[in-house]
Protein chains: 2
Amino acid sequence: MRDQDLERVRRLPLFATMDDAGFDRLAPISYLQQFPAGVHLISEGDQADFLHVVVEGSVELYATGNGRETTVAIIQPVTAFILAAVLKDMVYLMSARTLENSRILMIPAGSIRETMETDTAFCQAMVRELARGFRSMVKTVKNQKLRTAAERLANYLLVAHEQQGTGGQVKLPFEKRLLAAYLGVTPENLSRAFKTLETSGVRNSRTMIHIDDLSALRKMAQPSPLIDTPEEW
Amino acid sequence: MRDQDLERVRRLPLFATMDDAGFDRLAPISYLQQFPAGVHLISEGDQADFLHVVVEGSVELYATGNGRETTVAIIQPVTAFILAAVLKDMVYLMSARTLENSRILMIPAGSIRETMETDTAFCQAMVRELARGFRSMVKTVKNQKLRTAAERLANYLLVAHEQQGTGGQVKLPFEKRLLAAYLGVTPENLSRAFKTLETSGVRNSRTMIHIDDLSALRKMAQPSPLIDTPEEW
DNA sequence: TATTATAATTGATATTTATCAAGCTTATTC
DNA sequence: GAATAAGCTTGATAAATATCAATTATAATA
């Protein structure tokens with residue numbers, strides 16, 4: 001494992017307060033691997049053997065059932081994912097695949113549990129991360145149950161615009177069909193939702209979005225910090 | 001606080017491993033209160049000042065937005081709820097109200113956080129409970145995004161039937177309009193979903209449901225342990 | 001027991017969303 | 001640069017769900 005990657009993982013809030021001895025024990029028994037886009041990392045229903053950390057690239061968490069498939073989350077660096085299954089020594093509820101060339105750190109699940117039992121600071125960091133994940137999922141449930149597809153898209157664009165800080169423009173970091181799956185609609189319906197937002201000052205061409213009237217979009221979207229604000233550490 | 005209630009809370013897995021000194025510190029500064037049905041306990045957006053535990057009765061966690069309202073969870077005894085907001089010292093993302101006459105224990109949030117910092121066993125119990133909550137929310141997202149209303153109802157009935165163990169019969173523990181909100185549909189649409197399930201051997205009158213053909217219902221529902229199995233401790 | 005209130009059902013209609021197919025645009029490969 | 005593949009848009013139609021209103025059934029109250 002490269003020192004540079006190790007440093008980036010070390011600085012992750014989840015690991016930042018872990019004592020040195022514990023971290024030094026985990027590093028040599030973990031694997032850091034490079035994957036191209038589209039590689040299957042995890043299958044729902046599989047036993048959670050590793051804690052995965054996205055060091056570079058991005059990962060899609062998705063789920064299937066009743067002949068359908070949906071995107072539950074999109075993981076950007078540097079972030080661990082699906083801690084819950086690891087901590088409870090259970091099966092994964094979601095599958096994962098790389099969206100682009102990605103470097104993934106895999107730490108054996110047993111070692112994570114052992115470290116958590118002896119390292120109080122790590123245990124508390126775990127509590128914060130799990131609480132963050134729980135709140136994030138609650139916001140997803142609210143977004144899905146309380147809003148139409150166009151409303152979810154409008155709010156997504158407002159958040160992305162806020163994060164990118166590029167006056168009036170938003171660049172989607174992935175294909176539109178992935179955004180559709182994430183928002184819980186078909187690609188055709190996402191296209192129609194974009195069409196609907198034209199009357200609220202939104203123009204788009206492929207992954208480039210232009211917001212010509214921010215206040216009109218806000219009015220349409222009715223954003224709420226209890227749904228839209230990304231959960232921080 | 002009655003000794004009997006104290007004992008029931010003590011036996012909750014979240015508190016069962018807490019050391020005696022810590023538990024003895026929390027008990028005298030907590031409040032146990034009796035509420036009639038329909039009482040507003042928590043408002044989304046409010047600062048999380050207490051950890052709430054349902055000792056008796058039941059509590060609905062709901063959320064509002066865009067002029068709509070939905071039920072996110074229904075809490076039965078003995079269970080704590082919305083730990084995440086308490087642990088991170090943040091606002092509640094959900095509101096709560098009693099569904100029936102209920103006894104609620106309220107433990108000051110600051111004391112919970114302090115105890116977690118010093119009591120390793122309690123911290124680890126917290127990790128398990130938050131992981132359980134996270135997984136439960138993931139299942140809710142999957143249920144909502146991957147299934148139709150009739151499918152969600154069918155699976156709900158299968159789980160309830162399994163839990164009640166009453167050969168071919170299920171008694172809904174609350175009104176149908178609450179079940180509708182929980183499943184993410186209007187009361188009218190829930191009624192139509194029940195109608196749809198008649199061809200799968202389901203009859204109902206008010207809160208009493210009869211399942212005349214379990215295998216037909218299973219076939220229609222396509223249950224999955226990755227969605228339907230209630231998350232245990 | 002009768003009356004009133006509430007919950008649930010049913011009908012009609014509107015809206016949202018999915019499905020299917022075809023065409024267009026853009027990216028990739030040779 | 002041309003051909004091919006993939007992503008996206010658009011049109012038509014079907015299905016799912018919401019809304020609104022009226023009726024029926026059940027529970028609560030007097």
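Letters A, B, ... mirror the listed sequences (proteins, then strands); counts begin at 1.
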Discussion item. Using a distance-only criterion (donor-acceptor N/O pair, under 3.5 Å, no hydrogens), is the base of D:dC20 paired with the side chain of B:Glu188?
Written reply: yes

Worksheet item: Looking at B:Lys195, does any N or O in its side chain come under 4.0 Å of the phosphate oxygens OP1/OP2 on C:dT10?
Response: yes

Worksheet entry | Axial cation check for A:Phe194 ring with A:Lys176, 6.0 Å and 45° limits | yes

Worksheet item: Tell me: CZ of A:Arg68 to P of C:dT17, nearest whole Å?
Response: 15 Å

Fill in: Any A:Asn204 side-chain N or O less than 4.0 Å from OP1/OP2 of D:dT9
yes

Fill in: Nearest to side-chain heavy atoms of B:Ser191, which nucleotide of C:dT17, D:dT9, C:dT10
C:dT10

Discussion item. Does A:Thr186 reach a base, just sugar-phosphate, or nothing at all? Heavy atoms under 4.0 Å.
Written reply: base

Fill in: Nearest-angstrom distance from the residue atom CG of A:Leu146 to P of C:dT16
16 Å

Worksheet item: Under 3.5 Å, is there an N or O donor on one side and an acceptor on the other linking the side chain of A:Arg192 and the base of C:dT19?
Response: yes

Discussion item. Pairing donors with acceptors under 3.5 angstrom, does anything connect the side chains of B:Glu231 and B:Ser136?
Written reply: no

Item to complete: Please check the phosphate of D:dT26 (OP1 and OP2 only) for any side-chain N or O of B:Arg206 closer than 4.0 Å.
Response: no

Discussion item. I need the CD-C1' distance between A:Glu151 and D:dT17, as an integer number of Å.
Written reply: 15 Å

Worksheet item: Are side-chain N/O atoms of A:Ser215 and A:Asp213 paired as donor and acceptor at under 3.5 Å?
Response: yes

Worksheet entry | Ring-face cation of B:Arg128 near B:Trp233 (centre distance under 6.0 Å, axis angle within 45°) | yes

Item to complete: Answer yes or no: is there a side-chain heavy-atom contact under 4.5 Å between A:Val9 and A:Asp5?
Response: no

Worksheet item: Whole Å only: how far is the CZ atom of B:Phe174 from the C1' atom of D:dT26?
Response: 19 Å

Worksheet item: What's the closest nucleotide to the B:Glu175 side chain, out of C:dA7, C:dT17, D:dC8?
Response: C:dA7

Worksheet entry | Whole-Å gap separating C1' (C:dT16) and CG (A:Leu183) | 15 Å

Fill in: B:Ser58 and B:Gln76 side chains, donor-acceptor separation under 3.5 Å
no

Worksheet, complete the sentence: From the candidates D:dT17, C:dT17, C:dA8, the one with an atom nearest any side-chain atom of A:Ala149 is C:dT17

Worksheet item: Looking at the rings of B:Phe50 and B:Tyr31, which for Trp means the six-membered one, are their centres under 6.0 Å apart?
Response: yes

Practice prompt. State, to the nearest 10°, the angle formed by the axis through the first five base pairs of the helix from C:dT1-D:dA30 to C:dC30-D:dG1 and the axis through its last five.
Written response: 50°

Fill in: Euclidean distance, atom CG of residue B:Leu172 to atom C1' of C:dA8 [Å, nearest integer]
12 Å

Practice prompt. Report the distance from atom CG of B:Asn189 to atom P of C:dA14, rounded to the nearest whole Å.
Written response: 18 Å

Worksheet item: To the nearest Å, how far apart are B:Leu179 CG and C:dT9 C1'?
Response: 15 Å

